[in-house]
Amino acid sequence: MVFDWFKRAVAQPDPTPEPLPAPEAEPEPEAAPAAEESLQPAEPVAEPTPAPAAPAGAGVDEDALAWARQAYARLKAQQQEAARPPVTPEAAPAAPEPEPPAAPPVSPGLSLLEQAAAQRQQRLQEITAPAEPAPAVPPAAAEADAADPSLGAFDATFTWSAEVLAAQGRRAEDVSLEEIDWLGRLRRGLEKTRKGFVTQLLENLGDDPLTPAVLDDLESTLLRADVGVKATDQVLEALRRRLNEEVVDPAEGLRFLKEQLRGLLDAPIRAGDTAVLAPQRERLNVWLLVGVNGVGKTTTLGKLANLAVRSGYSCLIAAADTFRAAAVQQVSVWGERSGVAVVANPSANADPAAVVYDAIGAARSKGTELVLVDTAGRLQTKHNLMEELGKVRRTITKLAPEAVVESLLVLDASQGQNGLRQAMAFASAAGLTGVVLTKLDGSARGGVALAVASEAGLPIRFIGAGEGIRDLRPFNSFEFVEALLAS
(Lines give C-alpha, C1' and ligand atoms only; values in the text may rest on other atoms or scores of the structure.)
Protein backbone atom coordinates (compact mmCIF):
# COMPACT_ATOMS: atom_id res chain seq x y z
CA MET A 1 0.00 0.00 0.00
CA VAL A 2 1.32 3.47 -0.92
CA PHE A 3 1.86 5.77 2.05
CA ASP A 4 1.73 9.37 0.83
CA TRP A 5 3.98 11.39 3.12
CA PHE A 6 2.95 14.63 1.44
CA LYS A 7 -0.73 13.90 2.06
CA ARG A 8 0.06 13.05 5.67
CA ALA A 9 1.63 16.46 6.13
CA VAL A 10 -1.23 18.26 4.39
CA ALA A 11 -3.81 16.53 6.56
CA GLN A 12 -1.94 17.42 9.74
CA PRO A 13 -4.33 19.07 12.22
CA ASP A 14 -3.45 22.07 14.33
CA PRO A 15 -0.79 20.66 16.68
CA THR A 16 -2.40 21.67 19.95
CA PRO A 17 -2.13 18.88 22.50
CA GLU A 18 -5.50 18.04 23.97
CA PRO A 19 -6.32 15.53 26.67
CA LEU A 20 -7.29 12.19 25.20
CA PRO A 21 -10.61 10.65 26.30
CA ALA A 22 -10.01 7.90 28.82
CA PRO A 23 -11.06 4.50 27.47
CA GLU A 24 -13.69 2.57 29.39
CA ALA A 25 -11.38 -0.41 29.67
CA GLU A 26 -7.78 -0.95 28.70
CA PRO A 27 -7.83 -2.26 25.12
CA GLU A 28 -6.68 -5.76 24.55
CA PRO A 29 -3.97 -6.04 21.87
CA GLU A 30 -6.03 -8.43 19.74
CA ALA A 31 -9.10 -6.18 19.65
CA ALA A 32 -8.54 -4.12 16.49
CA PRO A 33 -11.13 -1.90 14.76
CA ALA A 34 -13.65 -3.60 12.50
CA ALA A 35 -12.04 -2.09 9.42
CA GLU A 36 -8.83 -3.93 10.21
CA GLU A 37 -10.33 -7.38 10.93
CA SER A 38 -8.59 -8.86 7.91
CA LEU A 39 -5.26 -8.01 9.51
CA GLN A 40 -5.87 -10.00 12.68
CA PRO A 41 -3.72 -13.10 13.20
CA ALA A 42 -5.27 -16.44 14.09
CA GLU A 43 -3.53 -16.59 17.45
CA PRO A 44 -3.96 -13.79 20.02
CA VAL A 45 -1.18 -11.25 20.22
CA ALA A 46 0.44 -11.07 23.61
CA GLU A 47 0.15 -7.71 25.33
CA PRO A 48 3.41 -5.77 24.93
CA THR A 49 5.33 -5.28 28.13
CA PRO A 50 7.90 -2.56 28.71
CA ALA A 51 11.54 -3.53 28.88
CA PRO A 52 12.76 -3.82 32.49
CA ALA A 53 15.74 -1.51 31.91
CA ALA A 54 13.62 1.39 30.64
CA PRO A 55 9.94 1.29 31.63
CA ALA A 56 7.91 2.40 28.66
CA GLY A 57 5.27 4.08 30.76
CA ALA A 58 7.68 6.15 32.84
CA GLY A 59 6.59 9.78 32.63
CA VAL A 60 3.89 9.05 30.05
CA ASP A 61 0.25 10.00 30.54
CA GLU A 62 -1.94 6.95 31.16
CA ASP A 63 -4.30 7.84 28.31
CA ALA A 64 -1.36 8.20 25.91
CA LEU A 65 0.06 4.90 27.17
CA ALA A 66 -3.23 3.11 26.46
CA TRP A 67 -3.24 4.74 23.01
CA ALA A 68 0.31 3.47 22.44
CA ARG A 69 -0.64 -0.09 23.48
CA GLN A 70 -3.54 -0.09 21.05
CA ALA A 71 -1.36 1.21 18.20
CA TYR A 72 1.39 -1.30 19.00
CA ALA A 73 -1.03 -4.24 19.01
CA ARG A 74 -2.47 -3.21 15.66
CA LEU A 75 0.96 -2.73 14.04
CA LYS A 76 2.13 -6.07 15.41
CA ALA A 77 -0.95 -7.77 13.96
CA GLN A 78 -0.25 -6.17 10.59
CA GLN A 79 3.37 -7.30 10.66
CA GLN A 80 2.43 -10.87 11.55
CA GLU A 81 -0.19 -10.98 8.81
CA ALA A 82 2.30 -9.66 6.25
CA ALA A 83 4.86 -12.29 7.29
CA ARG A 84 2.48 -15.19 6.61
CA PRO A 85 2.82 -16.99 3.28
CA PRO A 86 -0.10 -16.40 0.92
CA VAL A 87 -2.73 -19.13 0.96
CA THR A 88 -4.53 -19.94 -2.30
CA PRO A 89 -7.89 -21.78 -2.13
CA GLU A 90 -7.15 -24.11 -5.01
CA ALA A 91 -3.43 -24.49 -5.03
CA ALA A 92 -2.09 -26.65 -7.83
CA PRO A 93 -0.05 -29.64 -6.71
CA ALA A 94 3.61 -28.81 -6.49
CA ALA A 95 5.62 -30.02 -9.41
CA PRO A 96 8.02 -32.79 -8.46
CA GLU A 97 11.61 -31.71 -8.17
CA PRO A 98 13.68 -32.76 -11.16
CA GLU A 99 15.79 -35.76 -10.40
CA PRO A 100 19.45 -35.79 -11.37
CA PRO A 101 20.31 -37.88 -14.40
CA ALA A 102 20.46 -41.50 -13.39
CA ALA A 103 23.80 -43.22 -13.57
CA PRO A 104 24.11 -46.37 -15.62
CA PRO A 105 22.65 -49.31 -13.69
CA VAL A 106 25.18 -51.33 -11.80
CA SER A 107 25.37 -54.73 -13.38
CA PRO A 108 25.35 -57.55 -10.83
CA GLY A 109 27.91 -59.41 -12.92
CA LEU A 110 30.63 -56.82 -12.17
CA SER A 111 33.32 -57.40 -9.62
CA LEU A 112 33.22 -55.66 -6.23
CA LEU A 113 35.80 -53.07 -7.34
CA GLU A 114 33.90 -52.31 -10.52
CA GLN A 115 30.60 -51.98 -8.59
CA ALA A 116 32.23 -49.57 -6.11
CA ALA A 117 33.60 -47.47 -8.98
CA ALA A 118 30.15 -47.33 -10.62
CA GLN A 119 28.53 -46.25 -7.31
CA ARG A 120 31.11 -43.49 -6.86
CA GLN A 121 30.35 -42.27 -10.38
CA GLN A 122 26.63 -42.22 -9.56
CA ARG A 123 27.17 -40.19 -6.36
CA LEU A 124 29.41 -37.77 -8.28
CA GLN A 125 26.66 -37.15 -10.83
CA GLU A 126 24.14 -36.48 -8.03
CA ILE A 127 26.44 -33.95 -6.37
CA THR A 128 27.38 -32.12 -9.56
CA ALA A 129 23.84 -32.00 -10.98
CA PRO A 130 22.97 -28.35 -11.90
CA ALA A 131 20.73 -26.62 -9.34
CA GLU A 132 17.68 -24.53 -10.23
CA PRO A 133 18.79 -20.88 -10.75
CA ALA A 134 17.53 -18.45 -8.08
CA PRO A 135 15.32 -15.63 -9.35
CA ALA A 136 17.22 -12.39 -9.83
CA VAL A 137 16.24 -9.50 -7.53
CA PRO A 138 16.35 -6.02 -9.06
CA PRO A 139 18.72 -3.65 -7.17
CA ALA A 140 15.92 -1.18 -6.46
CA ALA A 141 13.70 -3.90 -5.00
CA ALA A 142 16.53 -5.26 -2.90
CA GLU A 143 17.24 -1.79 -1.54
CA ALA A 144 13.58 -1.18 -0.75
CA ASP A 145 13.27 -4.51 1.07
CA ALA A 146 16.43 -3.82 3.06
CA ALA A 147 15.09 -0.42 4.15
CA ASP A 148 11.62 -1.59 5.18
CA PRO A 149 11.01 -0.64 8.82
CA SER A 150 10.21 -3.35 11.32
CA LEU A 151 8.32 -3.13 14.59
CA GLY A 152 10.71 -3.14 17.52
CA ALA A 153 10.08 -3.47 21.22
CA PHE A 154 7.36 -1.66 23.12
CA ASP A 155 9.87 0.66 24.75
CA ALA A 156 10.31 4.33 25.65
CA THR A 157 11.03 5.30 22.04
CA PHE A 158 7.78 3.75 20.80
CA THR A 159 5.68 5.30 23.56
CA TRP A 160 7.27 8.71 22.93
CA SER A 161 6.53 8.46 19.20
CA ALA A 162 2.95 7.38 19.94
CA GLU A 163 2.51 10.24 22.39
CA VAL A 164 3.67 12.78 19.77
CA LEU A 165 1.22 11.38 17.20
CA ALA A 166 -1.64 11.25 19.70
CA ALA A 167 -0.99 14.87 20.72
CA GLN A 168 -1.57 15.89 17.09
CA GLY A 169 -5.04 14.33 17.10
CA ARG A 170 -4.09 11.14 15.28
CA ARG A 171 -6.09 7.96 15.83
CA ALA A 172 -4.40 4.73 16.84
CA GLU A 173 -6.01 2.83 13.98
CA ASP A 174 -4.64 5.29 11.39
CA VAL A 175 -0.99 5.30 12.46
CA SER A 176 1.52 3.59 10.19
CA LEU A 177 4.74 1.82 11.07
CA GLU A 178 6.65 4.26 8.83
CA GLU A 179 5.51 7.20 10.97
CA ILE A 180 6.58 5.50 14.19
CA ASP A 181 9.89 4.52 12.61
CA TRP A 182 10.58 8.06 11.35
CA LEU A 183 9.87 9.70 14.72
CA GLY A 184 12.31 7.31 16.37
CA ARG A 185 14.93 8.20 13.76
CA LEU A 186 14.29 11.92 14.23
CA ARG A 187 14.66 11.68 18.00
CA ARG A 188 17.92 9.75 17.65
CA GLY A 189 19.12 12.18 14.98
CA LEU A 190 18.68 15.20 17.26
CA GLU A 191 20.41 13.48 20.19
CA LYS A 192 23.63 15.51 19.92
CA THR A 193 21.73 18.80 19.88
CA ARG A 194 19.42 17.64 22.64
CA LYS A 195 22.22 16.54 24.97
CA GLY A 196 23.76 19.99 24.99
CA PHE A 197 20.52 21.93 24.77
CA VAL A 198 18.03 20.11 26.99
CA THR A 199 20.47 19.31 29.79
CA GLN A 200 21.37 22.97 30.21
CA LEU A 201 17.76 24.02 29.75
CA LEU A 202 16.47 21.74 32.51
CA GLU A 203 19.30 22.84 34.79
CA ASN A 204 18.33 26.47 34.20
CA LEU A 205 14.64 25.84 34.78
CA GLY A 206 15.17 23.79 37.93
CA ASP A 207 12.19 23.32 40.25
CA ASP A 208 11.57 26.97 41.11
CA PRO A 209 9.45 29.50 39.19
CA LEU A 210 11.14 31.32 36.33
CA THR A 211 13.10 34.45 37.21
CA PRO A 212 14.97 37.10 35.17
CA ALA A 213 18.24 35.36 36.10
CA VAL A 214 16.95 32.09 34.68
CA LEU A 215 16.05 33.87 31.44
CA ASP A 216 19.60 35.20 31.14
CA ASP A 217 20.95 31.65 31.43
CA LEU A 218 18.36 30.47 28.91
CA GLU A 219 19.59 33.13 26.48
CA SER A 220 23.12 31.69 26.58
CA THR A 221 21.76 28.16 26.08
CA LEU A 222 19.77 29.18 22.99
CA LEU A 223 22.70 31.01 21.42
CA ARG A 224 25.06 28.07 21.96
CA ALA A 225 22.59 25.84 20.09
CA ASP A 226 22.83 28.23 17.08
CA VAL A 227 19.22 29.31 17.46
CA GLY A 228 20.31 32.78 16.33
CA VAL A 229 20.13 36.24 17.87
CA LYS A 230 16.78 37.26 16.38
CA ALA A 231 15.00 34.04 17.34
CA THR A 232 16.50 34.12 20.83
CA ASP A 233 15.36 37.71 21.35
CA GLN A 234 11.82 36.87 20.23
CA VAL A 235 11.56 33.87 22.55
CA LEU A 236 12.96 35.70 25.58
CA GLU A 237 10.81 38.76 24.98
CA ALA A 238 7.70 36.56 24.98
CA LEU A 239 8.84 34.86 28.21
CA ARG A 240 9.54 38.21 29.89
CA ARG A 241 6.07 39.47 29.00
CA ARG A 242 4.62 36.29 30.46
CA LEU A 243 6.63 36.74 33.67
CA ASN A 244 5.32 40.27 34.05
CA GLU A 245 1.78 38.90 34.02
CA GLU A 246 2.05 35.86 36.30
CA VAL A 247 4.35 33.47 38.10
CA VAL A 248 5.48 30.75 35.67
CA ASP A 249 6.47 27.34 37.01
CA PRO A 250 9.08 25.21 35.13
CA ALA A 251 6.54 22.87 33.51
CA GLU A 252 4.48 25.77 32.17
CA GLY A 253 7.69 27.53 31.12
CA LEU A 254 8.76 24.51 29.05
CA ARG A 255 5.32 24.23 27.44
CA PHE A 256 5.36 27.96 26.63
CA LEU A 257 8.89 27.68 25.22
CA LYS A 258 7.80 24.87 22.87
CA GLU A 259 4.87 26.98 21.73
CA GLN A 260 7.16 29.92 20.94
CA LEU A 261 9.66 27.77 19.03
CA ARG A 262 6.88 26.24 16.93
CA GLY A 263 5.59 29.72 16.19
CA LEU A 264 9.00 30.81 14.90
CA LEU A 265 9.31 27.76 12.65
CA ASP A 266 5.79 28.11 11.27
CA ALA A 267 5.90 31.88 10.63
CA PRO A 268 7.54 31.68 7.14
CA ILE A 269 5.15 28.87 6.17
CA ARG A 270 2.10 30.86 7.24
CA ALA A 271 3.39 33.87 5.29
CA GLY A 272 3.40 31.90 2.02
CA ASP A 273 0.67 30.40 -0.09
CA THR A 274 1.70 26.77 0.40
CA ALA A 275 1.28 25.18 3.81
CA VAL A 276 3.15 22.01 2.83
CA LEU A 277 5.40 21.61 -0.19
CA ALA A 278 4.02 18.74 -2.26
CA PRO A 279 4.02 18.10 -6.02
CA GLN A 280 0.72 19.01 -7.63
CA ARG A 281 -1.02 16.06 -9.24
CA GLU A 282 -1.41 15.91 -13.04
CA ARG A 283 0.84 18.92 -13.47
CA LEU A 284 4.54 19.46 -14.16
CA ASN A 285 6.53 20.34 -11.03
CA VAL A 286 10.20 21.30 -11.25
CA TRP A 287 12.26 21.39 -8.06
CA LEU A 288 15.82 22.76 -8.18
CA LEU A 289 18.24 21.80 -5.41
CA VAL A 290 20.94 24.42 -4.85
CA GLY A 291 23.69 25.00 -2.30
CA VAL A 292 27.44 25.00 -1.74
CA ASN A 293 29.69 22.00 -2.24
CA GLY A 294 29.59 19.28 0.40
CA VAL A 295 26.16 19.87 1.92
CA GLY A 296 24.69 16.72 0.36
CA LYS A 297 22.61 18.04 -2.56
CA THR A 298 22.89 14.90 -4.69
CA THR A 299 22.17 12.61 -1.74
CA THR A 300 19.19 14.75 -0.76
CA LEU A 301 17.92 14.64 -4.34
CA GLY A 302 18.10 10.84 -4.32
CA LYS A 303 16.16 10.67 -1.06
CA LEU A 304 13.54 13.11 -2.41
CA ALA A 305 13.13 10.93 -5.50
CA ASN A 306 12.58 7.88 -3.29
CA LEU A 307 10.09 9.80 -1.14
CA ALA A 308 8.14 10.94 -4.21
CA VAL A 309 8.01 7.45 -5.72
CA ARG A 310 6.95 5.88 -2.42
CA SER A 311 4.22 8.52 -2.13
CA GLY A 312 2.81 7.63 -5.53
CA TYR A 313 4.24 10.35 -7.78
CA SER A 314 5.94 9.86 -11.16
CA CYS A 315 9.43 11.33 -11.00
CA LEU A 316 12.45 12.12 -13.20
CA ILE A 317 15.94 13.38 -12.32
CA ALA A 318 17.93 15.96 -14.31
CA ALA A 319 21.68 15.53 -13.70
CA ALA A 320 22.57 19.21 -14.21
CA ASP A 321 25.67 19.12 -11.99
CA THR A 322 27.98 18.81 -14.99
CA PHE A 323 31.06 20.41 -13.43
CA ARG A 324 31.85 18.00 -10.59
CA ALA A 325 33.63 14.78 -11.42
CA ALA A 326 31.45 11.66 -11.07
CA ALA A 327 28.37 13.73 -10.18
CA VAL A 328 26.36 12.21 -13.03
CA GLN A 329 27.38 8.67 -12.00
CA GLN A 330 26.42 9.39 -8.39
CA VAL A 331 22.96 10.67 -9.24
CA SER A 332 22.47 7.73 -11.62
CA VAL A 333 23.07 5.33 -8.72
CA TRP A 334 20.44 7.12 -6.65
CA GLY A 335 18.05 6.92 -9.60
CA GLU A 336 18.56 3.15 -9.86
CA ARG A 337 17.94 2.69 -6.14
CA SER A 338 14.55 4.38 -6.43
CA GLY A 339 13.62 3.21 -9.93
CA VAL A 340 13.70 6.79 -11.31
CA ALA A 341 14.94 7.67 -14.81
CA VAL A 342 17.90 10.08 -15.07
CA VAL A 343 18.43 12.55 -17.91
CA ALA A 344 22.11 13.41 -18.31
CA ASN A 345 24.71 14.57 -20.83
CA PRO A 346 27.77 12.30 -20.78
CA SER A 347 30.11 14.92 -22.22
CA ALA A 348 32.39 16.83 -19.82
CA ASN A 349 31.37 20.34 -18.77
CA ALA A 350 28.05 20.16 -20.61
CA ASP A 351 25.67 23.09 -20.38
CA PRO A 352 23.43 22.56 -17.29
CA ALA A 353 20.60 24.51 -18.92
CA ALA A 354 20.70 22.10 -21.89
CA VAL A 355 20.32 19.12 -19.55
CA VAL A 356 17.31 20.76 -17.90
CA TYR A 357 15.88 21.48 -21.37
CA ASP A 358 16.10 17.78 -22.28
CA ALA A 359 14.66 16.71 -18.92
CA ILE A 360 11.60 18.92 -19.26
CA GLY A 361 11.00 17.61 -22.77
CA ALA A 362 11.20 14.02 -21.52
CA ALA A 363 8.88 14.77 -18.59
CA ARG A 364 6.28 16.30 -20.89
CA SER A 365 6.34 13.36 -23.29
CA LYS A 366 5.90 10.85 -20.43
CA GLY A 367 3.45 12.88 -18.36
CA THR A 368 5.86 12.97 -15.40
CA GLU A 369 4.67 14.96 -12.40
CA LEU A 370 7.99 15.86 -10.72
CA VAL A 371 11.40 16.77 -12.16
CA LEU A 372 14.22 17.02 -9.63
CA VAL A 373 17.19 19.09 -10.84
CA ASP A 374 20.63 18.48 -9.35
CA THR A 375 22.68 21.68 -9.74
CA ALA A 376 26.40 22.27 -9.32
CA GLY A 377 27.68 23.34 -5.94
CA ARG A 378 28.78 26.93 -5.81
CA LEU A 379 29.96 29.48 -3.28
CA GLN A 380 27.46 32.20 -2.54
CA THR A 381 30.20 34.79 -3.21
CA LYS A 382 30.93 33.65 -6.81
CA HIS A 383 28.87 35.92 -9.06
CA ASN A 384 29.45 34.01 -12.30
CA LEU A 385 28.31 30.70 -10.79
CA MET A 386 25.24 32.31 -9.27
CA GLU A 387 24.47 33.79 -12.68
CA GLU A 388 24.64 30.27 -14.18
CA LEU A 389 21.96 29.24 -11.70
CA GLY A 390 19.84 32.14 -12.88
CA LYS A 391 20.23 30.90 -16.46
CA VAL A 392 18.77 27.53 -15.45
CA ARG A 393 15.79 29.26 -13.85
CA ARG A 394 15.18 31.35 -16.99
CA THR A 395 15.34 28.22 -19.16
CA ILE A 396 12.63 26.56 -17.08
CA THR A 397 10.43 29.65 -17.12
CA LYS A 398 10.73 30.01 -20.90
CA LEU A 399 10.30 26.33 -21.76
CA ALA A 400 7.60 25.43 -19.22
CA PRO A 401 5.79 28.57 -18.06
CA GLU A 402 2.94 26.43 -16.73
CA ALA A 403 5.24 24.40 -14.44
CA VAL A 404 5.25 24.83 -10.67
CA VAL A 405 8.88 25.72 -9.91
CA GLU A 406 10.46 25.41 -6.47
CA SER A 407 14.03 26.35 -5.58
CA LEU A 408 15.21 24.52 -2.46
CA LEU A 409 18.43 25.38 -0.65
CA VAL A 410 20.17 22.37 0.90
CA LEU A 411 21.86 23.33 4.19
CA ASP A 412 24.22 21.28 6.33
CA ALA A 413 23.03 21.67 9.94
CA SER A 414 26.59 21.24 11.24
CA GLN A 415 27.64 24.52 9.56
CA GLY A 416 25.55 26.54 12.00
CA GLN A 417 25.60 30.29 11.41
CA ASN A 418 27.64 29.87 8.21
CA GLY A 419 24.65 28.01 6.80
CA LEU A 420 22.49 30.98 7.72
CA ARG A 421 24.76 33.31 5.73
CA GLN A 422 24.50 30.94 2.75
CA ALA A 423 20.71 31.08 2.99
CA MET A 424 20.71 34.87 2.97
CA ALA A 425 22.95 35.01 -0.13
CA PHE A 426 21.16 32.31 -2.12
CA ALA A 427 17.74 33.76 -1.28
CA SER A 428 18.48 36.92 -3.28
CA ALA A 429 20.25 35.21 -6.22
CA ALA A 430 18.27 31.99 -6.72
CA GLY A 431 14.71 32.95 -5.80
CA LEU A 432 14.57 30.41 -2.97
CA THR A 433 11.21 29.06 -1.90
CA GLY A 434 12.36 26.75 0.90
CA VAL A 435 15.15 24.98 2.74
CA VAL A 436 16.13 21.34 3.15
CA LEU A 437 18.06 20.86 6.39
CA THR A 438 20.40 17.85 6.30
CA LYS A 439 22.85 16.03 8.58
CA LEU A 440 20.92 16.79 11.76
CA ASP A 441 22.12 13.45 13.15
CA GLY A 442 25.78 14.49 13.01
CA SER A 443 25.43 17.97 14.46
CA ALA A 444 24.97 19.61 17.85
CA ARG A 445 23.61 22.72 16.11
CA GLY A 446 20.08 21.68 15.25
CA GLY A 447 18.89 25.06 16.53
CA VAL A 448 20.01 26.58 13.22
CA ALA A 449 16.55 25.62 11.91
CA LEU A 450 15.11 28.41 14.06
CA ALA A 451 17.71 30.89 12.82
CA VAL A 452 16.93 30.09 9.17
CA ALA A 453 13.20 30.52 9.75
CA SER A 454 13.41 33.74 11.77
CA GLU A 455 16.34 35.62 10.18
CA ALA A 456 16.27 34.40 6.56
CA GLY A 457 12.48 34.13 6.56
CA LEU A 458 12.64 30.84 4.64
CA PRO A 459 10.29 27.93 5.34
CA ILE A 460 11.93 24.60 6.15
CA ARG A 461 10.36 22.05 3.83
CA PHE A 462 12.29 18.83 4.50
CA ILE A 463 14.72 17.57 7.12
CA GLY A 464 17.24 14.74 7.01
CA ALA A 465 18.35 12.87 10.12
CA GLY A 466 20.39 9.93 8.89
CA GLU A 467 22.24 8.40 5.96
CA GLY A 468 19.56 5.90 4.87
CA ILE A 469 17.40 6.40 1.80
CA ARG A 470 14.33 6.94 4.01
CA ASP A 471 15.96 9.39 6.40
CA LEU A 472 14.41 12.46 4.75
CA ARG A 473 10.84 13.54 5.44
CA PRO A 474 8.58 16.61 5.11
CA PHE A 475 9.16 19.05 7.95
CA ASN A 476 6.71 19.10 10.85
CA SER A 477 7.41 21.81 13.42
CA PHE A 478 5.52 20.04 16.22
CA GLU A 479 7.48 16.81 15.83
CA PHE A 480 10.78 18.70 15.43
CA VAL A 481 10.36 20.70 18.63
CA GLU A 482 9.18 17.66 20.59
CA ALA A 483 12.24 15.70 19.41
CA LEU A 484 14.52 18.65 20.16
CA LEU A 485 13.22 19.06 23.71
CA ALA A 486 12.49 15.42 24.56
CA SER A 487 13.59 14.71 28.11
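Keep in mind that the numbers below use all heavy atoms, side chains included, and drop hydrogens, waters and symmetry copies.
Between the side chains of T438 and D412, no donor-acceptor pair is found at a separation under 3.5 Å. A side-chain N or O of N476 and one of Q168 form a donor-acceptor pair less than 3.5 Å apart.
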Notebook entry, point to check: Hey, mind stepping through L186 and I463 against side-chain contact (heavy atoms from CB on, under 4.5 Å) and telling me if it holds?
Noted result: CA-CA 9 Å; L186 178 61; I463 55 173; 3.7 Å; yes
Next item on the list: With side-chain contact (heavy atoms from CB on, under 4.5 Å) as the test, would you mind laying out the steps for D321 and V328 before giving the verdict?
Entry: CA-CA 7 Å; D321 183 359; V328 174; over 6 Å; no
Checklist line | salt bridge (charged side-chain N to carboxylate O under 4.0 Å, His left out) assessment of E178 paired with R310 | finding: CA-CA 11 Å; E178 286 197 47; R310 292 184 60 80; 2.9 Å; yes
Checklist line | salt bridge (charged side-chain N to carboxylate O under 4.0 Å, His left out) between R74 and E173, worked out | finding: CA-CA 7 Å; R74 176 178 168 273; E173 57 267 26; over 6 Å; no
Margin query: I'd like to know whether I460 forms a side-chain contact (heavy atoms from CB on, under 4.5 Å) with L265, so could you lay out the CA-CA distance, the side-chain angles of the two residues, the decisive distance to 0.1 Å, and finally the verdict.
Written below: CA-CA 8 Å; I460 299 175; L265 292 169; 4.2 Å; yes
Next item on the list: I would like to know whether L288 and D374 meet side-chain contact (heavy atoms from CB on, under 4.5 Å); could you show each step before the answer?
Entry: CA-CA 7 Å; L288 288 87; D374 185 26; over 6 Å; no
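Q79 places no side-chain N or O within donor-acceptor distance of the main-chain N or O of S150, the cut-off being under 3.5 Å. Checking side-chain atoms of D181 against main-chain N and O of P149 turns up no donor-acceptor pair under 3.5 Å. Of the possible polar contacts, none joining the R185 side chain to the A465 backbone as a donor-acceptor pair under 3.5 Å is found. Looking at N285, its side chain does come within 3.5 Å of a backbone N or O of Q280 through a donor-acceptor pair. Checking side-chain atoms of T433 against main-chain N and O of E406 turns up no donor-acceptor pair under 3.5 Å. The backbone N or O of E282 lies less than 3.5 Å from a partner atom in the side chain of E369, making a donor-acceptor pair. Put simply, the side chain of S338 never gets that close to the backbone of G335: no donor and acceptor are under 3.5 Å apart. Counting only distance, with no hydrogens or angles, the side chain of T375 and the backbone of L289 share a donor-acceptor pair below 3.5 Å. Of the possible donor and acceptor atoms, one in the side chain of N244 sits under 3.5 Å from a partner among the backbone N and O of R240. Side chain of R194 to backbone of L484: no donor-acceptor contact under 3.5 angstrom is found.
Minimum heavy-atom separation, P268 to P459: CB-N, 3.6 Å. Of all heavy-atom pairs between A413 and L440, the closest is CB-CD2, 3.7 Å. Nearest approach of A453 to L264, heavy atoms of both residues: CB-O, 3.6 Å. Nearest heavy atom pair, residue A363 against residue L316, reads N-CD1, 4.3 Å. Minimum heavy-atom separation, I317 to A305: CD1-CB, 4.0 Å. Of all heavy-atom pairs spanning A400 and I360, the tightest one is CB-CG2, 4.1 Å.
Between K230 and D233 there is no salt bridge, since no side-chain nitrogen of the basic residue lies less than 4.0 Å from a carboxylate oxygen of the acidic one. The pair R241-E245 fails the salt-bridge criterion, with no side-chain N (NZ, NE, NH1 or NH2) lying under 4.0 Å from an Asp/Glu carboxylate O. In summary, R255 and E252 engage in a salt bridge, as defined by a charged side-chain N under 4.0 Å from a carboxylate O.
Note that CG of N306 is 4.0 Å distant from CD1 of I469, once rounded to the nearest 0.5 Å. The line from CZ of F462 to CG of L408 is 7.0 Å long, rounded to the nearest 0.5 Å. We find the OG1-CG distance between T299 and L304 to be 11.0 Å, quoted to the nearest 0.5 Å. Within the model, atoms CG of L236 and CD of Q260 stand 10.0 Å from one another, a figure rounded to the nearest 0.5 Å. Taking OG of S314 as the reference point, atom CG of L370 lies at 8.0 Å (rounded to 0.5 Å). Rounding to the nearest 0.5 Å places CD1 of I180 at 9.5 Å from CH2 of W160.
In this structure, L485 and L254 have side chains that are in contact, with non-hydrogen atoms separated by less than 4.5 Å. Residues E163 and E482 have side chains not in contact (no heavy-atom distance under 4.5 Å, counting atoms from C-beta outward). The side-chain heavy atoms of S407 and R393, taken from C-beta on, include a pair separated by under 4.5 Å. Looking at heavy atoms from C-beta onward, F480 lies in side-chain contact with L190 at the 4.5 angstrom threshold. The closest side-chain heavy-atom distance from L409 to V295 is not below 4.5 Å. A heavy-atom distance below 4.5 Å is found between the side chains of L307 and P474. Contact annotation: the side chain of V333 never approaches that of Q330 to less than 4.5 Å [non-hydrogen atoms, C-beta and beyond]. In this structure the side chain of L218 reaches within 4.5 angstrom of the side chain of L239, judged on heavy atoms.
The aromatic rings of Y72 and F158 stand perpendicular to each other, their planes meeting at an angle above 60°, with 30° marking the opposite boundary.
For the pair R470 and W182, the NZ or CZ position fails the cation-pi test of under 6.0 Å to the six-membered ring centre and within 45 degrees of the ring normal. The side-chain tip of R281 points at the ring of Y313 from less than 6.0 angstrom away and within 45° of straight on. For the pair R69 and F154, the NZ or CZ position fails the cation-pi test of under 6.0 Å to the six-membered ring centre and within 45 degrees of the ring normal.
Within a 6.0 Å radius of CD in E402, other residues, nucleotides and ligands contribute more than 12 heavy atoms. Within a 6.0 Å sphere centred on CD of E467, heavy atoms belonging to other residues, nucleotides or ligands number 12 at most.
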